[in-house]
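Single-structure report; data block below.
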Amino acid sequence: MYNPLRSLALLCLAAGGLVEGIDVDFTSASSIKSATSTIAYDMLSSWYYGNQTGNNPGNLPPPYYWWEAGAMFMHLVDYWYYTGDASNNAAVIQAISWQAGTNGEFQPSNQTSDEGNDDQAFWAFSALAAAECNFPDPPAGYPSYIAMGQAVFNVQTPRWDPSTCGGGLRWQFNPLNPGYTYKNIAANGGYFQVAARLARYTGNETYVQYADKMWDWIAASPLYDASNPDLIQINDGAEDTVNCTNPNPAQYSYNYGILIAGLAYLYNHVSRLPFHPFAVADAKRKGIVNGLFHTFSEHNILVEAGCEPYNNCNTNGLTFKSFTVRWLVVAAQLVPSLHAQIWPYITASAAGAAGQCDGWTNGQYCGYHWTTDVWDGTEGVGQQMSAMAVINAALFNVEALAAPLTLSSGGKSKSDPGAGGTSSTTHTLAPITTADRAGAGIVTFLVLAFTLAGTYWLIAVETP
Ligand SMILES: *[C@@H]1O[C@H](CO)[C@@H](O)[C@H](O)[C@H]1NC(C)=O
Ligand SMILES: *[C@@H]1O[C@H](CO)[C@@H](O)[C@H](O)[C@H]1NC(C)=O
Ligand SMILES: *[C@@H]1O[C@H](CO)[C@@H](O)[C@H](O)[C@H]1NC(C)=O
Ligand SMILES: *[C@@H]1O[C@H](CO)[C@@H](O)[C@H](O)[C@H]1NC(C)=O
């Protein structure tokens, strides 16, 4: 729909002027940084008390789940990378270390009843982001940031479960949690991205093999619908009680982003894509990018299609664009041939987000509907971090920023392939075999007798 206000904002942007909402001159690095500093400050001062006496570092108050805090600290690591503003670093270092624990695997006993593989991966992303930009080290006694990523990889690898769906990880690893029978993109794509980033950062071939193995499973599963290879659709997950034959078609932008970034890290590292049988693999990757923009944008502005147009995003849904943005930026950096396709969406979304940051108590909190510069009346951690991520990304239009580092390009985080400590006694990895790659499916007919429909509420409420 034509929106005169927004078009005006974009015109002003093109002319180097100011937009509605928070004042940002997108031709000026200092103006962009000043805007995101305001957004970060409002986010932390309104919602983060974890570093105050009597609170637990790294936690956000309800309604925010534990994983969202991990995601917030990932964005705050990136905030430092983009702006150089270290004023929140002490809180960020404390939160990541506290939740990683001295084994580094982000499995604090307090979260046993609701921590899934995807939640753990989101915290791992905060540590990997820190390793990839030489974020100031954790305190003495804690593993390095890259070792935290390795610890998560080491505890998740043995959770590979070939008994249903030909393999993959379950959403939840605790059998008592609802979602134990669901195999989804957040958990499997999360592991894939963690493995791909470890491969690129450390140069250790083992991570390439496990990333490949996971990709082969995802790409062969009904989670990945490539029936139109130019417009790939990513389904959220599937029930293993029916051997994943009933993919849940719910559409979430970050499910695309998590795979696009994982593929980009891997491609950048090994100059090829996984799933070797696809000779036209490059077109396949673009097919996911095409699929993302097809479903999740309007006039080049990112829209969380499953909930935003209906004004009913839940707390989780309000965060998804933040990850999608960050992972698109990384993909554009790591696979330069994707830059021209991705970048117009980042630029337009940044302008749109700035137009939303004129709400609530002090007239500068951000809403979520980037397609209009009339504040949408909502405020929260998801809205702040989404706006922060996309406005910061616009810095690339005016300033050179390094691609994510690796050990061979100046990264200083010390690799520890055995990380994960005593809690992961099973983390000796079995060698990858042909059988692994083909997928082993030991599924009984008994299981097939149960056809479960109507289980989608789980995801709608809780993913990741
Ligand atoms: C907690 O972290 C925030 C954000 O960096 C900071 O402004 C605040 O001063 C910190 N509070 C304490 C008690 O350290
Ligand atoms: C777990 O909860 C206890 C009790 O509130 C607290 O002391 C501890 O710091 C928490 N651990 C983490 C990792 O948040
Ligand atoms: C379950 O799915 C996997 C992967 O598609 C397949 O290899 C296996 O044969 C299926 N099992 C049954 C019992 O249909
Ligand atoms: C590579 O990673 C694997 C799996 O963690 C580990 O067993 C191996 O020792 C690592 N190799 C090197 C050279 O670090």
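We count ligands from 1, going down the list as the structure has it; atoms in each ligand are counted the same way. From a predicted model like this one, the values you see are computed outputs, not experimental measurements.
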* Aromatic plane relationship, Trp47 with Tyr64 - under 30° parallel, 30 to 60° tilted, over 60° perpendicular -> perpendicular
* Asked: Protein heavy atom under 4.0 angstrom of atom 14 (O) of ligand 1, is there one?
  -> yes
* Asked: Closest non-hydrogen protein atom to atom 12 (C) of ligand 2, residue and atom name please, with distance?
  -> Trp98 NE1, 3.3 Å
* Provide, to 0.1 Å, the distance between atom 2 (O) of ligand 2 and the closest protein heavy atom, together with that atom's residue and name. => Asn110 ND2, 2.3 Å
* Does Gly50 have a heavy atom less than 4.0 Å from any atom of ligand 1? -> no
* Distance to 0.1 Å, residue and atom name: give those for the protein heavy atom nearest to atom 6 (C) of ligand 1. => Asn51 ND2, 4.2 Å
* Classify the ring geometry between Tyr254 and Tyr252 as parallel (under 30°), tilted (30 to 60°) or perpendicular (over 60°). => tilted
* **Proximal atoms of ligand 1 relative to Leu44 (non-hydrogen, under 4.0 Å)** => 4 (C)
* Do any nitrogen or oxygen atoms of Asn154 come within less than 3.5 Å of a nitrogen or oxygen of ligand 4? -> no
* Is any side-chain N of the basic residue among Lys412 and Asp137 closer than 4.0 Å to the acidic one's carboxylate O? -> no
* Structure fact -> Atoms of ligand 1 under 4.0 Å from any heavy atom of Ala91, numbered from 1 in the order shown, are 2 (O), 5 (O)
* Asked: Can you list the atoms of ligand 1 that are under 4.0 Å from a heavy atom of Ser87?
  -> 5 (O)
* Considering only NZ, NE, NH1 and NH2 on the basic side and carboxylate oxygens on the acidic side, decide whether Arg200 and Glu132 come within less than 4.0 Å. => no
* Can the positive tip of Lys321 be found less than 6.0 Å from the middle of the six-membered ring of Trp370, inside 45° of the ring normal? -> yes
* If we ignore angles and hydrogens, is there a donor and acceptor under 3.5 Å between the side chains of Tyr191 and Gln120? -> no
* Protein residue, atom and distance nearest to atom 7 (O) of ligand 1, heavy-atom basis -> Asn88 OD1, 4.9 Å
* **Note: Asp85-Lys33 ion pair, threshold 4.0 Å (strictly below)** => no
* Any side-chain heavy-atom pair from Leu401 and Tyr81 closer than 4.5 angstrom? -> yes
* Structure fact -> ligand 2 to Pro108, heavy atom cutoff 4.0 Å, flagged ligand atoms 13 (C)
* To do: Establish whether atom 4 (C) of ligand 2 and some protein heavy atom are separated by less than 4.0 angstrom.
  => no
